[in-house]
Amino acid sequence: MSKKLLSIFLSLIILVTCLYPAAVSVEAATYKDSLRKKGFPESYISYIYDLHKKYPKWKFVAYKTGLDWETAVKGERSSHSKQQLNKKYKSIYYCHCSKCTRNGKPITHSYGLYNASEGAVKYFMDPRNWMDSKHIFQFESSAYNKSQTVSGVEAILKGTWMHNSVIEYLDTEGNKKTCKIKGEPVKYSTAIINAAKAHGVSAYYIASKIKQEVGASTPKAGGVCGTRTPFKGFYNYYSIGANSGAMDGLEWASGFLKTNKKTTLYSSYNKTKKIGTGKKTTVKKGHRMSFIKRYGDYYKVRLYSGSYKSGSVGYIKISDIRTKYLNYGRPWTSPYKSIYYGAKYIKDSYLKLQKTSYLQKFNVNKEHKGLYGHEYLVNVNGPSQASVSTYNAYKSAGILSKEHTFYIPVFKHMPKKACKAADYASAMTFKAKSTRTTITLNWKKVSKADGYKLYKYNPKTKKYEFYKKLASNSTLKYKVEGLKPGTGHKFGIKYYYKSGSKTKNSAITTVQLPTKPNCPEIREPVTNSKHHIITRWRTVSPCTGYIVQYSKRKDFSTIVATRQVSSSTRTQYTGKNLVKGRKYYVRVRAYRDFCKKRAYSKWSEGKGIVCK
């Protein structure tokens with residue numbers, strides 16, 4: 001090559017090298033301008049552009065809520081508090097910021113489900129905190145995506161008993177079953193794919209939802225074990241309707257069967273005559289029951305009470321049973337039915353107007369009649385957890401870099417910078433213990449606190465009212481004295497700290513419990529010729545009920561039976577099936593329930609008697 005040609009060649013290289021950064025800069029500016037035109041605020045731009053550089057096929061849509069940021073936070077915080085009180089969750093969940101994990105070990109901070117602080121809601125609700133490749137999928141549409149695969153679903157289910165597993169379960173009569181379609185065993189991943197195709201829902205969304213609700217190494221959770229009486233053989237993989245626990249969800253899955261009029265429960269069924277036979281038991285209108293099996297015009301059912309206490313099993317005419325809630329494939333008497341029809345229920349109930357995981361926790365769609373409510377996810381970091389599962393599935397399936405569309409919420413008057421993780425760690429650890437007349441409040445030290453403020457709930461005003469100020473960060477205990485036995489109380493605590501010239505307060509953290517009731521006075525027990533021992537006592541007020549114990553030993557080191565009497569006015573309990581000629585000892589104590597907490601009195605003295 002001549003010197004002249006070499007010189008020209010080198011000049012071109014230099015020219016291209018010089019122009020390349022400019023070209024990249026122009027491309028960046030053009031793309032950022034396109035984001036601004038779409039309606040993204042300036043504070044979103046750099047986050048989205050970084051994702052665009054890494055995944056150029058990804059698409060981002062500004063989901064304009066039209067809501068003021070502070071107004072939306074206030075609405076969501078109020079909604080979250082109501083959800084927690086309705087759901088009766090008592091756990092503390094931990095968040096690892098960039099690695100949100102449920103039931104993980106605390107690394108930096110924690111928050112109580114009962115009391116999501118304003119900072120907690122802001123942190124999890126601010127889209128700018130989740131614009132990285134792992135957490136962005138909480139903004140992806142939950143609509144069906146034909147590129148999703150069984151291997152991707154299996155990647156999500158990894159670590160659970162469902163991973164690469166055939167669906168095996170117990171039916172309503174306790175028999176072991178294997179789910180089959182056209183004679184072939186069906187895996188959980190196949191069931192999820194089938195549900196996704198049939199109902200137009202993302203398979204990865206379904207898998208992530210199930211894993212988040214019931215995923216574990218073994219199927220021990222109430223909604224998936226199939227062994228919970230009176231709902232044996234029922235399944236609820238999405239925890240739909242589980243307002244206060246798995247039993248509520250199983251009742252939902254069973255279809256809320258109950259008698260629509262006074263009717264008869266038959267002990268047996270004649271298959272030839274196709275009628276109920278045997279012993280007849282009258283059943284009142286409105287009695288609850290769970291489905292076992294259909295026999296002609298009859299259902300074989302298991303009766304139960306409002307507390308889910310199991311009762312008689314028998315046959316009732318279908319026409320005498322309320323069945324209007326047997327929709328969406330209910331009763332869900334197999335995991336497949338729960339997975340398949342549950343996807344349709346979620347699609348119809350949530351996904352039309354809440355099409356992302358984010359919107360299912362933070363319902364900021366103004367078109368929805370239940371603005372800030374009607375939220376499927378309870379935990380404030382639920383969307384980020386589901387997002388990580390989806391990311392892992394896409395990565396495992398090799399489709400992470402393919403086209404995905406994200407609907408990212410935009411609010412009016414947002415702060416210039418994203419809300420920091422540290423801003424939400426304001427919920428305190430607050431506990432209490434009671435005696436008959438005192439309640440001792442305990443809490444953990446908050447490093448930045450200057451002191452603490454105690455609040456006492458006033459049932460007349462239905463508000464927590466200021467009770468006591470403790471102006472020392474080292475004071476971590478306070479005893480409330482002069483209370484009445486067997487009474488319920490609610491207390492709250494805030495820490496306060498100085499910020500510049502102002503004094504700021506944390507969110508309130510609350511605790512509820514009763515004082516212990518008085519000890520009931522036991523009377524001499526009596527016995528009769530039926531080998532019964534009747535334990536008697538004088539009532540205690542106030543209380544909720546009593547606990548009666550029978551023992552063979554005077555020191556009650558060997559307990560024969562412990563029975564609960566769920567009435568404050570009952571004065572006796574009859575112990576049956578005891579051994580004639582044997583001496584038994586009996587004792588009793590009262591209990592008081594308040595806000596799902598229970599306090600017991602001391603045991604009465606023991607009384608001995610020989611059974612007739």
Side-chain angles (χ1 to χ4, degrees), residues 24-77 80 95-100 108-109 111 116-141 354-366 371-372 380-384 386-388 391 404-426 499-500 504:
V24 172
S25 179
V26 169
E27 188 277 334
T30 302
Y31 185 78
K32 290 179 180 180
D33 283 340
S34 72
L35 294 176
R36 295 183 183 98
K37 289 178 181 179
K38 289 179 180 179
F40 285 110
E42 197 63 35
S43 59
Y44 284 44
I45 303 298
S46 60
Y47 295 105
I48 298 175
Y49 180 65
D50 288 344
L51 287 170
H52 168 71
K53 286 193 298 182
K54 193 172 183 180
Y55 304 102
K57 292 184 180 181
W58 287 8
K59 295 181 179 180
F60 304 92
V61 178
Y63 181 77
K64 300 174 184 178
T65 66
L67 300 171
D68 175 80
W69 170 249
E70 291 294 339
T71 301
V73 169
K74 184 178 180 180
E76 281 296 336
R77 188 183 176 199
H80 181 80
C95 170
H96 300 209
C97 292
S98 62
K99 283 188 176 182
C100 290
T108 54
H109 45 255
Y111 60 93
S117 67
E118 180 180 340
V121 174
K122 283 184 175 180
Y123 173 69
F124 285 104
M125 193 173 167
D126 192 332
R128 294 168 295 188
N129 287 320
W130 312 107
M131 291 187 197
D132 60 73
S133 56
K134 283 191 176 182
H135 297 96
I136 193 70
F137 290 97
Q138 64 188 279
F139 307 118
E140 187 182 26
S141 172
Q354 295 163 270
K355 58 184 175 182
T356 67
S357 293
Y358 179 95
L359 290 175
Q360 286 164 43
K361 173 56 215 159
F362 304 111
N363 184 9
V364 291
N365 185 344
K366 291 177 70 174
L371 184 65
Y372 308 131
V380 288
N381 73 339
S384 60
S387 183
V388 172
Y391 166 85
H404 300 283
T405 302
F406 305 96
Y407 296 85
I408 304 176
V410 174
F411 300 87
K412 295 179 179 179
H413 310 118
M414 291 189 74
K416 292 182 179 180
K417 295 182 179 180
C419 300
K420 297 179 181 178
D423 293 341
Y424 85 82
S426 59
S499 178
K504 294 187 176 182

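By convention here, the first residue in the shown sequence is residue 1.
For the atom pair CD (Glu76) and CG (Asn363), the distance works out to 7.0 Å, reported to the nearest 0.5 Å. The distance from the CZ atom of Phe137 to the OG atom of Ser357 is 11.5 Å, given to the nearest 0.5 Å. Separating the CZ atom in Phe40 from the NZ atom in Lys64 is a distance of 9.5 Å, to the nearest 0.5 Å. Rounding to the nearest 0.5 Å places OG1 of Thr65 at 13.5 Å from CZ of Phe362. From Lys366, atom NZ reaches atom CG of Leu371 across 8.5 Å, with rounding to the nearest 0.5 Å. In this structure, OG on Ser384 lies 12.0 Å from NZ on Lys134, to the nearest 0.5 angstrom.
Panel note: side chain Thr356, backbone Ser141; no donor-acceptor pair is recorded below 3.5 Å.
Nearest heavy-atom pair across Gly39 and Val410 is O-CG1, 3.9 Å. The nearest pair of heavy atoms linking Asn129 to Cys419 is ND2-O, 2.9 Å. The nearest pair of heavy atoms linking Tyr55 to Ser133 is CE1-CB, 3.8 Å. Here the closest heavy-atom approach between residue Leu51 and residue Trp58 is recorded as CD2-CZ3, 4.0 Å. In terms of heavy atoms, Pro127 sits closest to Tyr44 at CG-OH, 3.6 Å.
In this structure, Ile136 and His404 have side chains that are not in contact, with every pair of non-hydrogen atoms separated by 4.5 Å or more. In this structure the side chain of Pro409 reaches within 4.5 angstrom of the side chain of Phe139, judged on heavy atoms. Counting only heavy atoms from C-beta outward, the side chains of His413 and Thr71 never approach each other to under 4.5 Å. Counting only heavy atoms from C-beta outward, the side chains of Met125 and Trp69 approach each other to under 4.5 Å. Using a 4.5 Å heavy-atom cutoff, the side chains of Leu359 and Tyr407 are not in contact.
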Go through Tyr123 and Val380 one step at a time and tell me if the side-chain contact (heavy atoms from CB on, under 4.5 Å) criterion holds. CA-CA 9 Å; Tyr123 173 69; Val380 288; over 6 Å; no

Do His52 and Phe60 pass the ring-ring contact (aromatic ring centres under 6.0 Å, His included) test, and can you show the C-alpha distance, the side-chain angles, and the key distance before you say yes or no? CA-CA 9 Å; His52 168 71; Phe60 304 92; 7.6 Å; no

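Classification of Arg128 and Asp126 as a salt-bridged pair holds, one side-chain N sitting under 4.0 Å from a carboxylate O. Using a 4.0 Å cut-off between a side-chain N of Lys or Arg and a carboxylate O of Asp or Glu, Lys412 and Glu70 do not qualify as a salt bridge.
Checked against the 6.0 Å centroid threshold, Tyr63 and Phe406 do not count as a close aromatic pair.
If you run ring pair (Phe, Tyr, Trp, His ring centres under 6.0 Å) between His135 and each of Tyr358, Tyr391, Trp130, only Trp130 comes through.
The cationic group of Lys361 does not satisfy the cation-pi geometry with Phe124, failing either the under 6.0 Å distance to the six-membered ring centre or the 45° limit from the ring axis.
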